[in-house]
Amino acid sequence: MAEDSGQEKTEDPTPKRLKEARDKGDIPRSKELNTLVLLLVASSAVLFFGATAISNLAEMMADNFSLTREEIFDTNYIIINFGSSALEALWAVIIFMLVVFIAAIVGPISLGGWNISAQAIAPKASRMDPLAGLKRMFSLKALVELAKSIGKFLIVTGLALFYLDSVKTNLYSLGSMDVFVAMSESIQLIGWAFLIISLSLIIIALLDVPYVLYESAEKLKMTLQEVKDEMKNTEGKPEVKGRIRQMQREISQRQMMKDVPDADVIITNPTHYSVAIKYDESHRNAPIIVAKGADFVALKIREVAEEHDIPILQSPPLARALYYSAEIGDEVPTGLFKGVAQVLAYVFQLKRYKQQAANKPVMPKGQDIEIPDEFQRDN
């Protein structure tokens with residue numbers, strides 16, 4: 001869609017886009033960093049363990065060259081000797097192999113993290129398309145890879161020639177040494193050559209890693225329209241979300257109306273707002289709002305209250321203050337305690353009057369109920 005609309009990819013990728021790319025195996029990977037880690041670890045392993053490995057291998061080969069005639073022509077002994085020699089050779093290089101194996105795993109996940117993608121290894125017909133192959137050969141990425149290859153060749157060749165020139169005296173002297181000493185010395189020379197050449201790749205890796213990260217970020221960028229479309233697909237179309245919200249409101253209102261018969265009093269505006277208050281001193285320290293509504297909902301609250309003989313008291317300032325300062329299920333704000341207490345006192349006195357246990361109370365007038373300034377609301 002971005003290409004059809006001509007929009008530029010200026011938006012950062014969304015979490016969904018990043019997850020999809022990761023599922024496809026499309027994550028930043030630097031071959032130069034992988035090679036660098038592997039070669040550095042391998043060359044260090046040669047320097048640390050090479051002499052010991054060479055010594056063990058030399059002893060194993062010396063033992064095999066010193067076999068007697070009877071041992072050489074003994075088929076059973078040769079098989080046993082071959083097995084033991086192979087085991088000795090394995091033990092001689094096992095540490096080196098383990099270190100290199102770990103480096104081969106750590107190198108690739110050092111950038112982009114661990115990721116296994118079935119989609120990345122699945123066969124695709126597009127990979128066998130000759131036109132697509134030609135396009136990749138002459139792309140900007142191919143040009144960058146060519147530049148990196150030339151750079152690696154020049155740097156590695158230069159350092160290798162420099163190192164060989166600096167150790168040429170040591171190389172010439174190997175021929176005059178004892179064979180075991182020469183083998184130990186040569187493995188050290190090889191290890192240092194290996195390490196120095198590996199260090200030369202640091203320059204290439206320092207250039208390649210930022211480029212790979214930049215290329216991956218640019219590839220995953222999205223147009224503004226793509227972001228909007230994804231939000232629609234993820235969260236749903238506006239009309240569907242509106243319908244869901246409407247259904248939620250209807251469900252909430254139905255539940256709220258079920259709680260109205262349990263209220264002690266309904267405080268009204270009298271036409272715009274209705275708030276149902278309930279006070280149960282055995283379970284609550286303060287009265288709670290069990291229902292509230294405006295306009296049509298306010299009318300329905302009053303109708304339900306009349307059906308269940310719930311007292312309805314008109315107090316516009318208090319009704320507006322309660323409506324705007326608390327939600328359903330909340331306790332009455334501390335600043336409105338006094339006003340609500342006046343109303344509840346009247347309601348409880350009215351109940352006792354109906355039971356013929358007290359004189360008829362005087363209904364408090366709306367303007368007599370005190371409302372703090374911070375809870376005042378215009379009509």
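Because only heavy atoms are used, hydrogens play no part in the values below, and waters and symmetry mates are left out as well, while side chains stay in.
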Between Ala298 and Ser274, the two heavy atoms sitting closest are O-OG, 3.1 Å

**Side chain to side chain, Val265 and Ile310, heavy atoms closer than 4.5 Å** = no

Taken in chain and number order and not counting sequence neighbours, the residues that satisfy side chain to side chain donor-acceptor pair (under 3.5 Å) with Asp165 are Lys168

One should read off an interatomic distance between Trp192 CH2 and Ser198 OG, to the nearest 0.5 angstrom, of 12.0 Å

(message) Checking Ile288 against Val332 for the side chain to side chain contact (heavy atoms under 4.5 Å, CB included) test, could you report, in this order, the C-alpha distance in whole Å, the side-chain angles of both residues, the deciding distance, and whether it holds?
(response) CA-CA 6 Å; Ile288 63 170; Val332 170; over 6 Å; no

- prompt: Can you get from Tyr163 to Leu199 by hopping between Ile, Leu, Val, Met, Phe, Trp and Tyr side chains that sit under 4.5 Å apart?
  reply: yes

task = Evaluate whether atom CZ of Phe101 has more than 12 neighbouring non-hydrogen atoms of other residues, nucleotides or ligands under 6.0 angstrom away.
result = no

When rounded to the nearest 0.5 Å, the distance separating CZ of Arg302 from CG of Asn269 is 8.5 Å

One should read off an interatomic distance between Leu318 CG and Ile267 CD1, to the nearest 0.5 angstrom, of 4.0 Å

Shared hydrophobic cluster, Leu195 / Ile102 (ILVMFWY, side-chain heavy atoms < 4.5 Å) = no

Here the gap from Ile202 atom CD1 to Leu207 atom CG, rounded to the nearest 0.5 Å, amounts to 12.0 Å

Using a 4.5 Å side-chain heavy-atom cut-off and chaining through intermediate ILVMFWY residues, the residues clustered with Ile150 come out as Leu146, Phe153, Leu154

Between Ala286 and Tyr279 the two heavy atoms that sit nearest each other are C-CD1, 3.8 Å

| Do Phe82 and Ile79 pass the side chain to side chain contact (heavy atoms under 4.5 Å, CB included) test, and can you show the C-alpha distance, the side-chain angles, and the key distance before you say yes or no? | CA-CA 5 Å; Phe82 176 79; Ile79 293 174; 5.7 Å; no

Is there a side-chain contact between Ile266 and Pro311 in this structure, where contact means two heavy atoms from C-beta onward sitting under 4.5 Å apart? no

Between the CG atom in Leu161 and the OG1 atom in Thr157, the distance rounded to the nearest 0.5 Å is 6.5 Å

* **Verify same cluster id: Ile95, Trp91 (apolar side-chain graph, 4.5 Å)** => yes

- Does a side-chain heavy-atom distance below 4.5 Å link Thr268 with Leu313? no

Quick note, side chain to side chain donor-acceptor pair (under 3.5 Å) partners involving residues 57-68, not counting sequence neighbours, are Asn64-Asn81, Asn64-Ser85, Thr68-Glu71

Scanning both residues in full, the closest heavy-atom pair of Val37 with Ala103 reads CG1-O, 4.2 Å

Is there a side-chain contact between Val340 and Ile277 in this structure, where contact means two heavy atoms from C-beta onward sitting under 4.5 Å apart?
yes

Item to complete: Report yes if the side chains of Val167 and Asn170 come closer than 4.5 Å at any heavy-atom pair, otherwise no.
Response: yes

*Under a 4.5 Å side-chain heavy-atom rule over Ile, Leu, Val, Met, Phe, Trp and Tyr, are Met60 and Tyr77 clustered together?*
no

Heavy-atom distance under 4.5 Å between the side chains of Leu344 and Pro287, does that happen here?
yes

Exercise for review: Report yes if some heavy atom in the side chain of Val100 is under 4.5 Å from a heavy atom in the side chain of Leu38; otherwise report no.
Suggested key: yes

Residue pairs passing the salt bridge (charged side-chain N to carboxylate O under 4.0 Å, His left out) test with at least one member in residues 210-225, sequence neighbours excluded, are Asp26-Lys219, Glu218-Lys221

- prompt: For atom NZ of Lys278, is the number of surrounding heavy atoms from other residues, nucleotides or ligands below 6.0 Å larger than 12?
  reply: yes

Here the salt bridge (charged side-chain N to carboxylate O under 4.0 Å, His left out) pairs for residues 327-345, sequence neighbours left out, are Arg284-Glu331, Lys292-Glu327, Lys338-Glu370

What one should report as the nearest heavy-atom pair of Gly293 and Val297 is CA-CG1, 3.7 Å

Across all chains, not counting sequence neighbours, the ring-ring contact (aromatic ring centres under 6.0 Å, His included) partners of Tyr323 are Tyr273

*asked:* In the structure I gave you, are the side-chain heavy atoms of Ile204 and Ile155 within less than 4.5 Å of one another anywhere?
replied: yes

Is it the case that one hydrophobic cluster holds both Phe337 and Phe348, taking links as side-chain heavy atoms less than 4.5 Å apart, direct or via other members?
-> yes

The reported gap from CG in Leu201 to CG in Leu36 (rounded to nearest 0.5 angstrom) is 6.0 Å

